[in-house]
Number of protein chains: 2
Amino acid sequence: MVRIVKEYAERKKEIMDTAQTLFYQKGYENTSVNFIIETIGISKGTFYHYFKSKEDLLDNIVEKFTNEIISKLEPIVNDKSMDAISKLNEFYHQAGMYKVENIDIIKTIVNALYNDKNLLLRYKMNNRSTELTIPLMSKVFEQGNNEGSFNIEHPEATARIILFFGTSMGEYNAKLMMSLDENPSNIEEMKKHFNIYQTSVQRILGAPEGSIEIFDEQIVDAIMEKYNES
Amino acid sequence: MVRIVKEYAERKKEIMDTAQTLFYQKGYENTSVNFIIETIGISKGTFYHYFKSKEDLLDNIVEKFTNEIISKLEPIVNDKSMDAISKLNEFYHQAGMYKVENIDIIKTIVNALYNDKNLLLRYKMNNRSTELTIPLMSKVFEQGNNEGSFNIEHPEATARIILFFGTSMGEYNAKLMMSLDENPSNIEEMKKHFNIYQTSVQRILGAPEGSIEIFDEQIVDAIMEKYNES
DNA sequence: TTTTTGTAGACCGACGGTCGGTATAGACCG
DNA sequence: CGGTCTATACCGACCGTCGGTCTACAAAAA
């Protein structure tokens, strides 16, 4: 058989990228190691030379993915010119939550991630990104406390709770989004939950009424329209 | 081979009970169908006569488990003599959240459920019990609205969010509980979370300050003491 | 007696993972 | 500069285990 030799980093990246695509297409559980190596055209031995198990591969992908998120959030936290409320709002925007131009990507990710065959992937991504986001978010909370816009006793614990909370919300809204075609009224349901989440967060943080604008209703509408078109 | 014939319901219950115990001991993923049937002493054919798949067995167990919870909550909702606030408080108590005498059971369940090999089990239990609890809880919310003790625009959506919120909390506190032996300071962390949750729920519902007493601090302390003993 | 239903266990393909061995690039040496 | 040595990227046959199927059959019900 033909033997193709590549550099360590290059081969590893090749496996990770291919696997990530396949996980998105078919789910983590439904993608066998055999299928991954057939797709790339490498042997079993090669695969296990780079990853000690299928789950180890997943962990590597999760780590890469979450690091990319964090690198977007860090500049916001360290921005000296922004107040805490703006930073928090920007947090959610940067998390890619409502970029209209990216709606196709969001659709793909939603359909890929929120699939029963992707529980472990989702679980690991959520956990890891939450753990990495907590220190950043709690720093913003402390700034808000100092500025008088927030009233938070335990910044870290509150950050953790709000992030978990957001995960649950996301889980539910993703389900609604996936069945949007059969159930157009899901749009209203989603908006409702966005609003409740928003006001809940606001109240939990003790922030002034109307200060937290995690989800801009107009943009939510735009997403929905674009979703229905495509 | 010896052939032992049992009634349908009896045999089905036997399989479900055994499987539940094994899932708790070793996790859903780590418990093979082969091991289940060996433990009971039945054949593969018998197993698949009662359940069309391993996951079907899990669904049956989840259904039974969640129905038991709901049957405890229903009488509270339908009680004509209780006000909404008392009902909500009683909800959490009945959910088995802080029964000191049951601490061993809680320990078992926590250790069983919050195990990486039980992701699917936990996911299904959370989802199902949430869906079943929402109509009951939102009924209480509506009562509270009428009594003037709550101020809730969308009772169902709010119920869902509060339950999601509770799930998130439970997830993290379970993790803390599991590492309590190595990290005694986790007790304080858990209390912190209980308090944040309590005040958050209160604020989300627009309930009067101090009216919601989901977690009695003394009882939490008692649980912790008993946990450390055992 | 016939039909239904509960039971048995050999068997299957697919899975994740292991292992002994091979090819090749770069370092080292004469 | 040619030879050889070594580290490592790579190969693929093989393994045990998994969830699940199928045919045969015993026992109870009709």
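Scope of the values below: all heavy atoms of this structure, side chains included, with no hydrogens, waters or symmetry mates. Every chain is numbered from 1 and lettered A, B, ... according to where its sequence line falls, protein lines coming before strand lines.
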J.: Rounded to whole Å, please give me the gap between CD in Glu38(B) and P in dG19(D).
T.: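 Distance, rounded to whole Å: 12 Å.
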J.: Lys12(B) NZ to dT7(C) P: how many Å, rounded?
T.: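 Going from NZ in Lys12(B) over to P in dT7(C) covers 13 Å.
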J.: If you compare all heavy atoms of Thr31(A) against all heavy atoms of Leu22(A), which two are closest, and at what distance to 0.1 Å?
T.: OG1-O, 3.5 Å
J.: Figure out the CD1/P separation between Ile37(B) and dT21(D), and round it to whole Å.
T.: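 After rounding, the reported distance stands at 14 Å.
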J.: Without hydrogens or angle criteria, can the side chains of Thr133(A) and Thr130(A) be said to hold a donor-acceptor pair below 3.5 Å?
T.: no
J.: Please tell me if Thr46(B) has a side-chain N or O lying less than 4.0 Å from either OP1 or OP2 of dA8(C).
T.: yes
J.: State, with a plain yes or no, whether a side-chain heavy atom of Lys26(B) is found less than 4.5 Å away from one of Phe35(B).
T.: yes
J.: How far apart are the closest heavy atoms of Pro155(B) and Phe141(B), and which atoms are they?
T.: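 Minimum heavy-atom contact is O-CD1, 3.6 Å.
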J.: Considering only heavy atoms from C-beta outward, does the side chain of Tyr114(B) approach that of Lys175(B) to under 4.5 Å?
T.: no
J.: Could you check whether any side-chain heavy atom of Asp56(A) comes within less than 4.5 Å of a side-chain heavy atom of Ser53(A), counting everything from C-beta outward?
T.: yes
J.: Is dG9(C) paired to anything, Watson-Crick or G-U wobble with both distances less than 3.5 Å, and if yes, which nucleotide?
T.: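 Here dG9(C) is engaged in a pair, and the nucleotide opposite it is dC22(D).
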J.: Nearest whole Å is fine: how far is dT7(C) P from Ile40(B) CD1?
T.: 11 Å
J.: Between Ser43(B) and dA8(C), is there a contact of a side-chain N or O with OP1 or OP2 at under 4.0 Å?
T.: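 True: Ser43(B) side-chain N/O within range (under 4.0 Å) of dA8(C) OP1/OP2.
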J.: For Phe165(A) and Phe164(B), I'd like to know if the aromatic rings sit close, meaning centre-to-centre distance below 6.0 Å.
T.: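 Phe165(A) vs Phe164(B): aromatic centres not under 6.0 Å.
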J.: With the sugar-phosphate defined as primed atoms, P, OP1 and OP2, and the base as all remaining atoms, what B/S/- string results for nucleotides 13-23 of chain C, 5' to 3', for protein heavy atoms under 4.0 Å?
T.: --SBBBB--BB
J.: Counting N and O atoms only, with roles assigned by atom type, does the side chain of Asn115(B) sit under 3.5 Å from a partner on the main chain of Gly27(B), one being a donor and the other an acceptor?
T.: no
J.: Rounded off to whole Å, could you give me the CZ-to-P distance for the Phe51(B) and dT7(C) pair?
T.: 12 Å
J.: Between dC10(D), dT7(C), dC11(D), which nucleotide has the shortest distance from any of its atoms to the side chain of Arg11(B)?
T.: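 So the side chain of Arg11(B) is nearest to dT7(C).
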J.: Check nucleotides 3-5 of chain C for protein N or O atoms closer than 3.5 Å to its own N or O atoms and list the pairs.
T.:
none

J.: Is NZ or CZ of Lys124(A) both nearer than 6.0 Å to the six-membered ring centre of Tyr28(A) and within 45° of the ring axis?
T.: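 No, Lys124(A) does not lie over the aromatic ring of Tyr28(A).
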J.: Measure CD1/Ile36(B) against P/dC18(D) and give the value in whole Å, please.
T.: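 Value for this atom pair: 11 Å.
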J.: Quickly work out the Phe35(B) CZ to dG19(D) C1' distance and round it to whole Å.
T.: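 Distance, rounded to whole Å: 16 Å.
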